[in-house]
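Heads up, the thing below is written out as structure tokens.
Source: prediction; values computed, not measured.
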Amino acid sequence: MFAAMRSERVEALHLFSDQQTGLEAVVAIHHTGLGPALGGCRYLAYNSVEDAIADAIRLARGMSYKAALAGLEQGGGKAVILRPPHVANRAALFEAFGRCIESLRGGYITAMDSGTSSADMDCIAQQTGHVTSTTEAGDPSPHTALGVLAGIRAAVRARLGQDSLNGVRITVQGLGNVGYALAQLLHADGAELMVSDLDHGKVRLAEEELGAQPLALEAVYEAPCDIFSPCGLGGAINQRSIGLLRCAAVAGAANNQLVDIDMADQLDARGILYAPDYVINAGGLLHVALTHRGVAHGEIAARVKQIGERLDSVFAQSKAEGRSPAEVADRQAERILYPDSAFLNPLIPA
Ligand code: NAD
């Protein structure tokens, strides 16, 4: 376990168990050098405690990188509650977890993630103030969409050499909370939209409201466009889809867009610019982190728009150094996280 912590540079790992509610939870705190660790709380069934710990460690590290490149004075952490086969009282379970968070005295701030809801966060908030994305904090999706819009603008600047989105052809895959809000923003800026979703109702709405062209689920990859924007589930860029893409750039909200890191180089080799997912979709993190600090809505939006400038810098460095934007983003994050350290990702030359 210590070897895994060392290799991922995890600062602390906490295991919690509560007999009364059946709570079994893991909190991984990856980095607190810039501020308290912040990251979502998953509530999922795992095959083993080891799997849950590995997930918490991997995700906590990702949160540190995301927060660093979002310009937040915040570290990365993640919690995993092992979902029991039967739970007698869900509210009591999350309240018990709230007491665990409180015992960490602010070193970790929790938030909503897979399997949890803002109502669960409200239960945690009964026991600790170190929780965000409660009902009161509001839905982060509009800020995520705003950040993706800024990122798409950066990709358009880099690949098409223009500031305006007028007439730019953009395929949005997934019209959920983020994807639909993004499509509305893109439409308002004059983009030509093509859309797909598992839910025909959402596609029909985009057709009627935004004049979007509907695409069949599998047709999204090969439809010629300027920007392909994955806003559904992860893994949109995989061995099968990568060869089909006919776009200048991939820039979307989904987490874990690349099925593996080799895809970053393959996109580069095909001349397709990739906006690293954790950089472009950081608007949601900015929302939860800054609402927790009581920052005003207008200031949060201004910070979210800076995602565009961050991506300008990633794309410029990528071009200058001949490395993929994904590599460049990781390296920029590591410089922020470990300014005094000789730490270098072995995959990334100095
Ligand atoms: P959501 O569940 O509201 O929407 C996802 C949409 O994608 C749904 O409408 C679903 O029908 C559709 N979809 C799923 N698979 C699809 C497929 N193969 N083809 C076409 N459509 C498909 O989720 P969301 O909150 O909008 O988040 C979208 C993505 O962005 C997720 O990967 C999420 O992890 C990521 N993300 C969201 C936020 C946020 O603030 N909500 C922040 C950061 C990242």
Side-chain angles (χ1 to χ4, degrees), residues 1-6 8-32 35-64 66-67 74-140 255 284-285 287-289 291-294:
M1 195 51 64
F2 285 112
M5 288 175 73
R6 252 194 318 276
E8 297 289 348
R9 291 195 146 209
V10 171
E11 285 179 11
L13 202 53
H14 300 270
L15 303 185
F16 296 100
S17 155
D18 180 70
Q19 305 277 321
Q20 219 167 0
T21 58
L23 172 79
E24 288 185 344
V26 180
V27 175
I29 295 180
H30 178 261
H31 193 274
T32 53
L38 171 66
C41 167
R42 290 198 156 183
Y43 181 58
L44 299 174
Y46 283 88
N47 287 332
S48 67
V49 180
E50 287 74 19
D51 285 357
I53 292 173
D55 213 21
I57 288 179
R58 178 180 63 82
L59 295 165
R61 176 181 180 275
M63 290 307 297
S64 291
K66 188 168 186 163
Q74 204 93 58
K78 209 80 175 186
V80 163
I81 299 178
L82 291 89
R83 184 158 60 83
H86 305 288
V87 62
N89 185 341
R90 183 172 172 127
L93 185 108
F94 278 92
E95 282 183 32
F97 184 59
R99 290 189 286 279
C100 302
I101 305 275
E102 180 63 13
S103 75
L104 300 174
R105 299 159 150 236
Y108 168 67
I109 302 164
T110 200
M112 202 168 99
D113 206 310
S114 306
T116 56
S117 65
S118 51
D120 295 326
M121 298 304 115
D122 293 348
C123 293
I124 293 173
Q126 306 270 336
Q127 303 295 329
T128 181
H130 306 299
V131 55
T132 178
S133 58
T134 51
T135 310
E136 196 188 338
D139 180 7
N255 280 314
L285 173 63
H287 175 94
V288 296
T291 50
H292 186 63
R293 289 193 213 157

**Request:** Would you check if there is a donor-acceptor pair between the side chains of R293 and Q74 at a distance under 3.5 Å?
**Result:** yes
**Request:** Would you check if the side chain of T132 reaches a backbone N or O of A111 as a donor-acceptor pair within less than 3.5 Å?
**Result:** no
**Request:** Tell me, with the steps shown, if L285 and L38 meet side-chain contact (heavy atoms from CB on, under 4.5 Å).
**Result:** CA-CA 9 Å; L285 173 63; L38 171 66; 3.6 Å; yes
**Complete:** Residues A37 and G77: closest non-hydrogen pair is CB-N, 3.8 Å
**Request:** For V80 and A56, work out which heavy atoms get closest and say how close.
**Result:** CG2-CB, 4.0 Å
**Item:** CG on D18 to CZ on R99, rounded to 0.5 Å
**Value:** 6.0 Å
**Asked** Quick check: does any side chain N or O of T128 sit under 3.5 Å from a backbone N or O of A125, one acting as donor and the other as acceptor?
**Response** no
**Closest heavy-atom pair and its distance - V27, A79** = CG2-CB, 4.0 Å
**Request:** Start with the C-alpha gap between S118 and T134, add the side-chain angles, then the distance that decides, and say whether side-chain contact (heavy atoms from CB on, under 4.5 Å) holds.
**Result:** CA-CA 5 Å; S118 51; T134 51; 5.8 Å; no
**Message:** Do Y108 and T110 pair up side chain to side chain, a donor and an acceptor below 3.5 Å, judged on atom types alone?
**Reply:** yes
**Student check: side-chain heavy atoms of V10 and R61 closer than 4.5 Å** = no
**Prompt:** Can you tell if the side chain of V26 reaches within under 4.5 Å of the side chain of Y46, non-hydrogen atoms only?
**Reply:** no
**I101 CD1 to I109 CD1 distance, which is reported to the nearest 0.5 Å** = 10.0 Å
**Request:** Using atom types as modelled and distance alone, determine if a side-chain donor or acceptor of T32 lies under 3.5 Å from a backbone N or O of G35.
**Result:** no
**Prompt:** Taking the side chain as C-beta and beyond, is there a heavy-atom pair between H14 and I29 under 4.5 Å?
**Reply:** yes
**Prompt:** Counting N and O atoms only, with roles assigned by atom type, does the side chain of H287 sit under 3.5 Å from a partner on the main chain of A137, one being a donor and the other an acceptor?
**Reply:** yes
**Fill in**
In this structure, CZ of R42 is separated from CD1 of I81 (nearest 0.5 Å) by 13.0 Å
**Message:** Run the salt bridge (Lys or Arg N to Asp or Glu O under 4.0 Å) test against R58 and tell me which residues pass, sequence neighbours left out.
**Reply:** D55
**Prompt:** So among H30, R9, H31, which one has a side chain to side chain donor-acceptor pair (under 3.5 Å) with S64?
**Reply:** H30
**Request:** Determine which pairs satisfy side-chain hydrogen bond (donor to acceptor under 3.5 Å, both in side chains) with at least one residue from residues 80-94, sequence neighbours left out, and list them in order.
**Result:** R90-D120
**Prompt:** Atom CG of D113 and atom CE of M63: how far apart are they, to the nearest 0.5 Å?
**Reply:** 8.0 Å
**Prompt:** Is the backbone N or O of L93 less than 3.5 Å from a side-chain atom of T21, with the two atoms forming a donor-acceptor pair by type?
**Reply:** no
**Prompt:** Can you name the nearest heavy-atom pair linking A60 to A28, along with the distance?
**Reply:** CB-O, 3.6 Å
**Request:** Among M121, M112, H292, find the one that has a side-chain contact (heavy atoms from CB on, under 4.5 Å) with V131.
**Result:** M121
**Item:** Between CD on residue Q127 and OG on residue S103, distance to nearest 0.5 Å
**Value:** 11.5 Å
**Request:** Kindly indicate, with the supporting measurements, whether the criterion side-chain contact (heavy atoms from CB on, under 4.5 Å) is fulfilled by F94 and V87.
**Result:** CA-CA 11 Å; F94 278 92; V87 62; over 6 Å; no
**Complete:** Taken to the nearest 0.5 Å, the spacing of N255 CG from S114 OG works out to 8.5 Å
**Item:** Derivation of the side-chain contact (heavy atoms from CB on, under 4.5 Å) call for S133 and D139
**Value:** CA-CA 7 Å; S133 58; D139 180 7; over 6 Å; no
